[in-house]
Amino acid sequence: MDNFFTLTKQTLTQTDPAIKFQFFEKLMKDFQDNILDFSSSDIPEIFTQPSFHTICTIVKPHEVKQRKNLHEDEGKIALLHAIAHIEYSAIDLALDACYRFRGLPREFYDDWLVVAEDEIRHFKMICSLLETYGVKYGDITVHQGLFEASMRSLDLISRMAFIPRYMEANGLDSNQALVKKLESIPKTQEIIEALNIILDEEIDHVHKGDKWYKYACSLKENFTCNYFDIVNHIYPNSFKTNKSLNIEARKKAGFSDEEIEILKNF
Ligand SMILES: [Fe+2]
Ligand SMILES: [Fe+2]
């Protein structure tokens with residue numbers, strides 16, 4: 001009987017996207033067929049480099065090519081590549097949640113496998129748009145911010161607070177703002193449609209993060225979870241002023257009115 005955590009690690013660390021997706025299909029099928037062993041005898045590895053290090057040139061965040069003018073192809077390409085990279089990173093983040101956190105209810109692994117499946121679909125959808133410009137994933141430099149954030153949040157509460165409930169929730173805000181901006185720019189209809197599909201599914205990812213964040217908090221005795229403190233502990237000053245919040249999406253994903261008020265007033 002194959003071990004769930006071994007297969008998940010194999011899939012997560014696989015550097016070739018096509019092979020990674022094949023591994024994932026098998027992992028998902030075996031999970032759904034309930035033929036995997038969930039025993040855990042190893043300590044989850046803390047990775048020092050992301051799986052995309054062989055396909056992308058990794059640079060510091062400020063060195064990543066900027067979007068420039070979205071009216072021009074070059075701007076659209078840079079934007080699409082940046083989104084493809086977020087989606088590719090998100091595949092590994094969902095798999096890392098499955099791999100790293102042991103002894104949780106089956107629903108936890110089910111949730112994050114479904115998220116990984118969504119992220120693979122998002123990645124492929126954006127790559128097919130990039131292809132129309134003759135560009136493929138890896139042609140433009142990337143940073144590894146999401147990967148680094150994941151390796152700084154190695155317990156369940158921190159991870160769920162920071163990755164889905166902070167980073168992906170920020171994505172809900174920026175997706176909406178980006179769609180508004182693109183609406184006034186010609187030849188962006190396909191990008192807008194893709195972003196709307198992503199936004200809809202990302203609400204569910206944040207919602208799953210919210211559910212497991214609250215679950216992890218409920219297991220802690222003598223500890224009151226403060227989302228803002230937890231996030232700021234991982235990266236100080238994470239909350240910025242003047243953000244255009246996607247309040248409707250955040251509420252659907254589980255943010256309370258009180259949290260939204262705090263977010264508005266940063
Ligand atoms: Fe996504
Ligand atoms: Fe996501």
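Every number for a ligand or one of its atoms is a count from 1 in the order of the listing. Hydrogens, waters and symmetry mates play no part in the numbers below; they use all other heavy atoms, side chains included. Not measured: the values here are computed from a predicted model. Positions are given from 1, in the same order as the sequence printed here.
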(message) Donor-acceptor pair, distance only, cut-off 3.5 Å: does the side chain of H81 make one with the backbone of A78?
(response) no
(message) Taking 2.8 Å as the cut-off, does H205 contribute an N, O or S atom near the Fe ion (ligand 1), distance below it?
(response) no
(request) May I ask you to check whether E87 brings an N, O or S atom to under 2.8 Å from the Fe ion (ligand 1)? (result) yes
(message) So does K136 get a backbone contact from the side chain of D139, meaning a donor-acceptor N/O pair under 3.5 Å?
(response) yes
(request) Would you mind checking if E45 and R100 are paired as a salt bridge, meaning a charged N to carboxylate O distance below 4.0 Å? (result) no
(message) I'd like the atom name of the N/O/S atom in E119 lying closest to the Fe ion (ligand 2).
(response) OE2
(request) Return yes when at least one N/O/S atom of E168 is nearer than 2.8 Å to the Fe ion (ligand 2), and no when none is. (result) yes
(request) Kindly state whether the ring of Y235 and the ring of F162 have centres lying under 6.0 angstrom apart. (result) yes
(request) Taking the Fe ion (ligand 1) as the reference point, name the nearest N/O/S atom of H122. (result) ND1
(message) Suppose we only allow N, O or S atoms; which atom of E202 ends up nearest to the Fe ion (ligand 2)?
(response) OE1
(message) Quick check on the hydrophobic clustering: are I19 and L95 connected, directly or via other members, by side-chain heavy-atom contacts under 4.5 Å?
(response) no
